[in-house]
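Lettering of chains follows the sequences in order, A, B, ..., and the numbering in each one begins at 1. On a predicted model such as this, the values are computed, not experimentally measured, just so you know. Heavy atoms only: backbone and side chains are in, while hydrogens, waters and symmetry mates are out.
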Amino acid sequence: MSKINLKEKLMEYFGFDSFMIGQEETIETILSGQDTLSVLPTGTGKSLCYQLAGYLMNGTTVIVSPLLSLIQDQVSQFNFRGNGTAIGLTSILSYSEKKYVLKNIQSYKFVYLSPEMLSQFEVINALKQIDVSLFVVDEAHCISTWGPDFRPDYLDLNNAIVKLGTPCVLALTATATLNIQNDIMTQLKTEGRDFHKIIKSVNRSNIFLSVLKVHDESDKNKQLLNLLNKIKGVGIVYFSSKKKANEVSDLINNNTGLRSEPYHADLNDMARYTVQRQFMENQIDVICATSAFGMGINKKDIRYVIHYHMPADFESYVQEFGRSGRDGQQSIAIVFSQENDVFLQRNLIDLTIPDDDFIRMYFKKHKELVGLGEEKGKLLDYYYEKQSSVEEVQFLFRQRKIEKETGLQNMIMFVNSSNCRKQQILNHFGESKLIEHDEFCCSALFNVDVLQKIGLEKKIIKNDDKQLIQSTDNIISRLFKLS
DNA sequence: CGAGAGTACTATAAAGTACTCTCGGTGCATTATT
């Protein structure tokens, strides 16, 4: 292939005159036919990588995406640019629409779908008829973090790749620890091919990290309110319980001048969308969220992320605190640590992972149990249909339990460690770089004095002034949107 | 599992004790008979 001038193509298709970090390298590697894993920091335009590469390749680009909302966002951006070359193949389509799309699948240059959709016979069959030149897995860490727990179709992507004639594979994510990188590559690797890794440093030098030890829940609430009253800007408080997220959100509204809303899977789509919009427009100061809040949230000026409950593992921790400070400004992430929270995490592990007895019983009486809708059961259906043996499945879940327990242990060790917190994180990402620890880096234990030191202490402003500032902000942001 | 909330009990009433109950995350996709 003659050497393409990528910068020219970038200008031609997107109107930009320069690439962001990692983009050009990723596109070049794909165009040379290499399977690629790109771990690029958020906000560096990961989707541009496969979109430009996709335009420059002959066939269709298939993009696997974990959330309907992400698919809709992406497709509407294509439509905004004025070419109907992208389609989201999701359950939002009616039966007849879906049939039409599958029949005319060759007319789309980019096909977005969920792994579940890709597992459907008629979908993979339609895609087999056309030339798929690029297979993209967006938010590829889901393969490792969601696949084995509750979305088993993520474990079948390899199958789809082979059925589609082993097109070039691109896995994209913003944060993947060394374990997750390896997991992704193992899952997506096809025979005789190896992945090329493009890993940009995940070190977030503008996020100060710390841990705050508390005695019990009332102490925790007290410390949280105190902290929120002193800290500047907007932020997220992460919970491992929907109920607590609701309760504490009320607590914040009633005891601080801040406006807070909960965000978790019990809210319907409309409510979630509203909260997200309000947060984007600075009409909400604090989101009290579970892990449901995260992917696809593109607010750049989140100043703090607080973990009310200790994160389940390192991977979630890094993903979640990484949502602060995307504008590069000084931000802070604090984990509240109460010894009892370990039980909550451990129970969540037990809740989702079926034990030996359950698996044996389930396989024995499968027919009577199908459709009970139990979460553990749904996952087991997948293995039952794959005709795995009881012993194989028992082994698999025992391993999974050990993995998760190890993840939890690592988190406990991290919380109790007094070493440089950033260095510990880099080590988890397999980066050998040594951190130059300074007062903006981290502290083993949190003390409110650091807020002033790193410039995150709130200046006292009167409520009236605050209202005024926010309403002018809104007017300005609306004006910009209109132009 | 085990903390924390809630309830029952006592018997000047109020507040303390003992017991019981509840909790615990992430999302695709569902389709259809009279």
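Residue Tyr154(A) contributes atom OH, which lies 12 Å from atom P of dG27(B) at whole-angstrom precision. Spacing between atom CG of Asp269(A) and atom C1' of dT26(B) amounts to 15 Å, rounded to whole angstrom units. Leu408(A) places its CG atom 17 Å from the P atom of dC1(B), with the value rounded to the nearest Å. Rounded to whole angstrom, the span from the CD atom of Glu339(A) across to the C1' atom of dG4(B) amounts to 17 Å. In this entry the distance linking CG of Leu267(A) with C1' of dG25(B) reads 13 Å, nearest Å. Between Met411(A) atom CE and dG25(B) atom C1' there is a gap of 16 Å when expressed in whole angstrom units. The interatomic distance linking His141(A) (NE2) with dG27(B) (P) rounds to 12 Å, in whole Å. Rounded to whole Å, the distance from CZ on Arg346(A) to C1' on dC23(B) is 17 Å.
Contacts of Asn229(A) classified as side-chain contact (heavy atoms from CB on, under 4.5 Å), with partners at least two apart in sequence or in another chain: Thr256(A). Evaluation of the side-chain hydrogen bond (donor to acceptor under 3.5 Å, both in side chains) rule for Lys163(A) yields no partner, not counting sequence neighbours. Under the rule for a side-chain contact (heavy atoms from CB on, under 4.5 Å), the partners of Asp138(A) that lie at least two apart in sequence or sit in another chain are Tyr50(A), Ile63(A), Leu172(A). Partners of His428(A) under the ring-ring contact (aromatic ring centres under 6.0 Å, His included) rule, at least two apart in sequence or in another chain, are Phe314(A). Annotation: ring-ring contact (aromatic ring centres under 6.0 Å, His included) contacts of Phe78(A) (sequence neighbours excluded): Phe110(A). For Asn104(A), the side-chain contact (heavy atoms from CB on, under 4.5 Å) test picks out Tyr100(A), Gln106(A), Ser107(A), with sequence neighbours left out. Residues meeting the salt bridge (Lys or Arg N to Asp or Glu O under 4.0 Å) test with Lys197(A), sequence neighbours left out: none.
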- Give DNA chain B the dot-bracket treatment, 5' to 3': Watson-Crick (N1-N3 with N6-O4 or O6-N4) or G-U (N1-O2, O6-N3) under 3.5 Å, [ ] crossing, | other strand. ((((((((((....))))))))))..........

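OP1 or OP2 of dG27(B) sits under 4.0 Å from a side-chain N or O of Arg272(A). Listed pair Gln345(A) / dT26(B) fails the phosphate criterion, with no side-chain N or O lying under 4.0 Å from OP1 or OP2. Contact annotation: Thr290(A) reaches the phosphate of dT26(B) (side-chain N/O to OP1 or OP2, under 4.0 Å).
Within the structure, every pair that satisfies the salt bridge (charged side-chain N to carboxylate O under 4.0 Å, His left out) test and touches residues 95-115 of chain A, not counting sequence neighbours, is listed here: Lys98(A)-Glu122(A).
Checked by atom type, the side-chain pair Ser119(A)/Asp153(A) shows a donor-acceptor distance below 3.5 Å. Tyr308(A) and Asp341(A) are not linked by any side-chain donor-acceptor pair at a separation below 3.5 angstrom, with hydrogens and angles left out of the test.
In this structure, Phe343(A) and Leu351(A) both approach DNA chain B, and ranking their closest nucleotides by distance from the 5' end singles out Phe343(A).
At a cut-off of 3.5 angstrom, counting only N and O atoms as typed in the model, there is a donor on one side and an acceptor on the other between the side-chain of Thr352(A) and the base of dG25(B).
Comparing dC1(B), dC23(B), dT26(B) against the side chain of His264(A) picks out dT26(B) as the nearest.
With P as the reference atom, dG27(B) and dA32(B) are 25 Å apart, rounded to whole Å. Between the C1' atoms of dA13(B) and dC9(B), the separation comes to 14 Å (whole Å). Distance check on atom C1': dT10(B) versus dA14(B) gives 11 Å, rounded to whole Å. The same atom, C1', is picked in dC28(B) and in dT34(B); the two are 31 Å apart, to the nearest Å. One C1' atom belongs to dT22(B), the other to dA29(B), and the distance between them is 31 Å to the nearest Å. For dA11(B) and dG4(B), the C1' atoms lie 28 Å apart once the distance is rounded to whole Å.
Its glycosidic angle being more than 90° from 0, dT31(B) falls on the anti side.
At the heavy-atom level, Glu320(A) lies nowhere under 4.0 Å from the strands shown.
Taking the six-membered ring for Trp, Phe279(A) and Tyr263(A) have ring centres at least 6.0 Å apart.
Counting heavy atoms of neighbouring residues, nucleotides and ligands inside a 6.0 Å radius, atom CG of Asn254(A) exceeds 12 of them.
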- Message: What does the B/S/- profile of nucleotides 28-33 of chain B look like, 5' to 3', with a 4.0 Å heavy-atom cutoff to protein?
- Response: BSSB--

Taking distance alone, no hydrogens or angles, what donor-acceptor pairs closer than 3.5 Å link side-chain atoms of residues 396-403 of chain A to residues at least two apart or in another chain?
from, atom 1, to, atom 2, distance (Å)
Arg398(A), NE, Asp356(A), OD1, 3.3
Arg398(A), NE, Asp356(A), OD2, 3.3
Arg398(A), NH2, Asp356(A), OD2, 3.4
Arg400(A), NE, Asp149(A), OD1, 3.1
Arg400(A), NH1, Glu403(A), OE1, 2.8
Arg400(A), NH2, Asp149(A), OD1, 3.4
Arg400(A), NH2, Asp149(A), OD2, 3.3
Lys401(A), NZ, Asp350(A), OD1, 3.1

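Of the residues in residues 209-228 of chain A, Asp216(A), Glu217(A) come within less than 4.0 Å of DNA chain B through at least one heavy atom, sorted by number.
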